[in-house]
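Below is one structure, written out as structure tokens, with a few remarks after it.
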Amino acid sequence: MSQELKVGIIGTGVMGQDHARNFAAGIRGGLLVAVADVNTQAAQELADTVGAEHVFRDGGEMIDSGLIDAVIIAAPDRFHAELTLRALEKRIPVLCEKPLAPTAEEAARVVKKEEEIGEELVTVGFMRRFDPGYLALRERLETQRDGALLMSHSIHRNVEAHPDGSSEDTITNSGIHEIDIIPWLAESPIVRVEWRGGRPSSLITKRQDPQLLLMEDANGTLHTVEVQVQAQYGYDVRCELVCETASVELPRVPSLVEQNPLLISKDLTAGNDYPADWRPRFAAAYRAELSAWVSAALERKRPAGAASARDALQSTIVANALVESMHKGETIDVPPIQEVLG
Ligand code: ISE
């Protein structure tokens with residue numbers, strides 16, 4: 001591998017564009033050389049904007065082309081596992097957007113393939129693990145100065161739902177962030193889950209919105225997660241850890257503090273600005289994730305602290321259990337990862 005990592009991006013949607021722009025702004029050790037999308041016009045436009053040399057219609061062909069040292073997969077979720085397996089065939093490092101796959105079966109195939117190869121080639125883009133806010137929460141818990149973690153409450157609201165999304169996608173595409181980050185914070189796997197719908201918003205008919213995910217970890221700690229995809233007012237991610245002697249929570253919009261440090265109370269309202277989606281909220285996390293991935297991929301490693309294929313399989317297993325709870329209306333015990341891997 002050359003000293004500069006030649007990267008290709010598959011997918012020119014929101015995340016493909018975001019990663020490409022981050023490269024264009026400068027990621028030490030990495031160079032974006034190719035873009036792939038079935039919509040070749042979109043691929044060409046993005047490549048022109050960020051100065052990438054090659055354009056492909058087919059992401060698999062780009063992986064096989066020999067022109068790239070590593071690949072970022074930002075195609076729709078249902079293609080993630082297949083493309084990751086293709087990159088593993090070529091033995092090139094992958095940064096796959098979350099989820100690794102919507103189903104545990106597909107994610108398990110990736111874990112097995114990577115373990116068969118015996119190299120840390122897969123990183124899954126759970127970028128919250130690089131967010132200064134979530135890192136501070138974890139560090140605070142590690143100090144144990146607030147006593148044991150008793151409960152956590154998370155809120156994850158999007159302005160507008162993806163038009164093709166289903167109720168199940170709310171879990172596997174949006175709630176998956178909390179499904180990953182909560183056991184990472186609590187340092188304890190999720191063992192039992194329950195899904196509730198409740199009164200649906202009249203603003204969205206295609207999926208149940210909002211949804212309440214209740215997760216119990218191996219210590220018996222309960223974690224509530226409200227996920228809403230059509231919240232209208234702003235992109236809002238919150239997390240509160242209820243410990244024995246303190247409540248510790250994320251500031252409302254930490255990454256906007258520089259732009260908008262004031263919480264203004266005026267005209268009978270109090271408030272701050274909200275971003276319209278996750279890019280400004282997690283901009284620092286995405287850049288840190290990309291930089292860490294490029295440096296680690298040059299060494300054919302996964303960055304310290306990033307989600308592995310196994311971590312991503314674990315979150316998909318929990319997501320699938322929540323979908324099962326949605327379908328059956330019951331509490332579901334989460335199967336152990338070994339059982340799924342067979
Ligand atoms: C999107 O794919 C993301 O990953 C965002 O972080 C999340 O907030 C959103 O709900 C997802 O659709």
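Read the numbers this way: they start at 1 and go in the same order the structure lists the ligands and their atoms. Small disclaimer: the values here were computed from a predicted structure and weren't measured. Starting from 1, each residue takes its place in the sequence as its number.
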Which of the ligand 1 atoms, numbered from 1, are nearer than 4.0 Å to a heavy atom of Ser174: 9 (C), 10 (O), 11 (C), 12 (O)
- request: Scan side-chain atoms only and decide if Asp169 and His162 contain a donor-acceptor pair under the 3.5 Å cut-off.
  value: no
field: Contacting atoms of ligand 1, where contact means under 4.0 angstrom from a heavy atom of Asn173
entry: 1 (C), 2 (O), 11 (C), 12 (O)
message: So for His156, does at least one of its heavy atoms come nearer than 4.0 angstrom to any atom of ligand 1?
response: yes
message: Tell me whether ligand 1 is touched by Lys98 - counting only heavy atoms on the residue side and a distance under 4.0 Å.
response: yes
Atom 5 (C) of ligand 1 [closest protein heavy-atom partner, distance rounded to 0.1 Å]: Trp278 CD2, 3.3 Å
message: Using heavy atoms and a 4.0 Å limit, tell me yes or no: is Tyr235 in contact with ligand 1?
response: yes
message: Applying a heavy-atom cut-off of 4.0 Å, say which part of Met15 lies close to ligand 1: side chain, backbone, both or neither.
response: neither
query: Evaluating non-hydrogen atoms only, which member of Arg279, Arg281, His177 is closest to atom 3 (C) of ligand 1?
result: His177
task: Output yes when a side-chain donor or acceptor of Thr123 lies under 3.5 Å from a complementary backbone atom of Leu95, and no otherwise.
output: no
- prompt: When you check the side-chain N and O atoms of Thr12 and Asp37, is any donor under 3.5 Å from an acceptor?
  reply: yes
Met215 reachable from Leu185 in the ILVMFWY side-chain graph, under 4.5 Å edges: yes
message: Keeping Thr245 on the side-chain end and Asp146 on the backbone end, is there a donor-acceptor pair under 3.5 Å?
response: yes
- request: Kindly indicate whether the side chain of Trp195, heavy atoms from C-beta on, has any atom under 4.5 Å from the side chain of Leu214.
  value: no
Nearest non-hydrogen protein atom, atom 9 (C) of ligand 1: Asn158 OD1, 3.2 Å
task: Kindly confirm or rule out an N or O of Tyr286 lying under 3.5 angstrom from an N or O of ligand 1.
output: no
message: What I want to check is whether the side chains of His80 and Glu106 have a donor and an acceptor closer together than 3.5 Å.
response: no
